[in-house]
Protein chains: 2
Amino acid sequence: MGISDRVYGVAVAKTAETQQDRTDTANQILDVAERLVQVRGFNAFSYADVAKEVHISTASLHYHFPSKSELGEALIARYANRFMAALGEIDEGVADHPRKLAAYVELYVGVLRNERMCLCGMLAAEHETLSAAMQSAVVKFFEKNEAWLAEVLQQGRDQGSLRFAGSPLEEARSIVSALEGAMLVARSFGDINRFQAVAGHLLTSLRP
Amino acid sequence: MGISDRVYGVAVAKTAETQQDRTDTANQILDVAERLVQVRGFNAFSYADVAKEVHISTASLHYHFPSKSELGEALIARYANRFMAALGEIDEGVADHPRKLAAYVELYVGVLRNERMCLCGMLAAEHETLSAAMQSAVVKFFEKNEAWLAEVLQQGRDQGSLRFAGSPLEEARSIVSALEGAMLVARSFGDINRFQAVAGHLLTSLRP
DNA sequence: GTCTATAGGCAGATAGAC
DNA sequence: GTCTATCTGCCTATAGAC
């Protein structure tokens, strides 16, 4: 199983680091709800949609996740944990910094291949309609991504394997924005090549 | 009234080129609905929300726009027309190409200042849930933006006032993606400076 | 063009049996 | 943990009077 398989929730092995101790049913619920949010948005799926796919009643769904907001919070937490775990694997498994960035981009490609938007990118669009807890969880996801990227960028520049103007954090924010935007647009065109072109352009511009 | 005031629907003068012949009520409806979509999303506002603000009944609203999808199509058409008119004003009023790009970025800043997302950026997130007519209208909006940018980029590079690698259209797509993504993220941080930083970085990278 | 009234369905959520 | 049944409210949309 590749790194990117860990991110969009397909056939993900349970590990202590990335998943809380949940029942199989709860995890099935999260899997289905995650996909529905990434494809349709948090405001465009219902408990009934999830219940139907998991073959339980909406009442049972409320047993596992009492409110839709709590389900949403659990979704973000699981997604963020999985994403951070993937970043950890990149740290350990990939040597040079340009390749780390390429591996980071591949995480996005993996999401897009499943015809999904980044969970937190989708929730960012719906930000104004979310609970305070969900809002701050989305923001934290972006901050963690930026911090990881900034670290890679700084080290790469120090070693001469990456080149960019300005601060690493500023560059990191530009990269996150560009990738999220490229996903957003590419998905409405139904054309993953649009994402690949933008991402390739981005990686090229960082070459020394 | 500045160029950017024309884009987000505040105090916009009626002109034959940019607006269809609609009653005041229909335009009020569009103004309110547009703001609600840009702030909350198409799936997170109702006819009741609009009716309340316009001080009419939902039944009257259905007289002007029989279905929500038709309202959505009218929203995109008006927004796209206004945006294209603003691009036309940039073409006529701004001389050098770097400044044209800066003026283009200012259109986005104007939207963000009103605490809104780009209408079509928001609809891109919700793409999977939209009618076919709305979907293709969103795509056309992006294509027109890219075509305009590609033209500016090509001319600027030919004159030596802009510098970039690859084709103008590829660069244009990267710019649209970066700006839409920067809006998306900046808005969830509630921090317009995040957008300004990314946009400034982008404009700087195009300097010869 | 606007209204009241209402249809018909779906939303999130709860009670209580098993 | 799961179910059926139900509540309350909101949703888009329509009928028909004015």
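We use all heavy atoms of the structure for the numbers below, so side chains are in, but hydrogens, waters and symmetry mates are not. In what follows, every chain begins at residue 1, and chains take the letters A, B, ... in the order their sequences are listed. Model, not experiment: these values are computed from the prediction.
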Between [atom2] on [N] and [atom1] on [X], what's the gap in Å once rounded to a whole number?
X       : N      : atom1 : atom2 : result
B:Asp49 : D:dG9  : CG    : P     : 17 Å
B:Asn43 : D:dC11 : CG    : C1'   : 12 Å
B:Tyr47 : C:dT6  : OH    : P     : 22 Å
A:Lys68 : D:dC10 : NZ    : P     : 16 Å
B:His62 : C:dT6  : NE2   : C1'   : 13 Å

Notebook entry, point to check: Base, sugar-phosphate, or nothing for B:Phe65, non-hydrogen atoms under 4.0 angstrom?
Noted result: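 Touches nothing.
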Margin query: Can you see whether A:Ser174 engages A:Ser177 through a side-chain donor-acceptor pair at a distance of less than 3.5 angstrom?
Written below: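 Checked: A:Ser174/A:Ser177 side chains show no N/O donor-acceptor pair below 3.5 Å.
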Notebook entry, point to check: Any chance the side chains of A:Gln135 and A:Ser131 put a donor and an acceptor closer than 3.5 Å?
Noted result: no
Next item on the list: For the residue pair B:Met84 and B:Trp148, establish whether any side-chain heavy-atom pair is separated by less than 4.5 Å.
Entry: no
Item checked: B:Asp191 side chain to B:Arg187 backbone, donor-acceptor under 3.5 Å ->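 No, the answer is negative, given that no donor and acceptor are paired below the 3.5 Å cut-off.
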Check: Just by modelled atom types, is the B:Ser46 backbone N or O under 3.5 Å from a matching donor or acceptor in the B:Asp49 side chain?
Finding: yes
Protein-nucleotides 1-4 of chain C N/O pairs closer than 3.5 Å?
residue : atom : partner : partner atom : Å
C:dT2   : OP1  : B:Thr25 : OG1          : 3.2
C:dT2   : OP2  : B:His64 : NE2          : 2.5
C:dC3   : OP2  : B:Ser57 : N            : 2.7
C:dC3   : OP2  : B:Ser57 : OG           : 3.1
C:dC3   : OP2  : B:Ser60 : OG           : 2.7

Item checked: B:Tyr79 ring center near B:Phe141 ring center (under 6.0 Å) ->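 Yes - the distance between ring centres of B:Tyr79 and B:Phe141 falls below the 6.0 Å cut-off.
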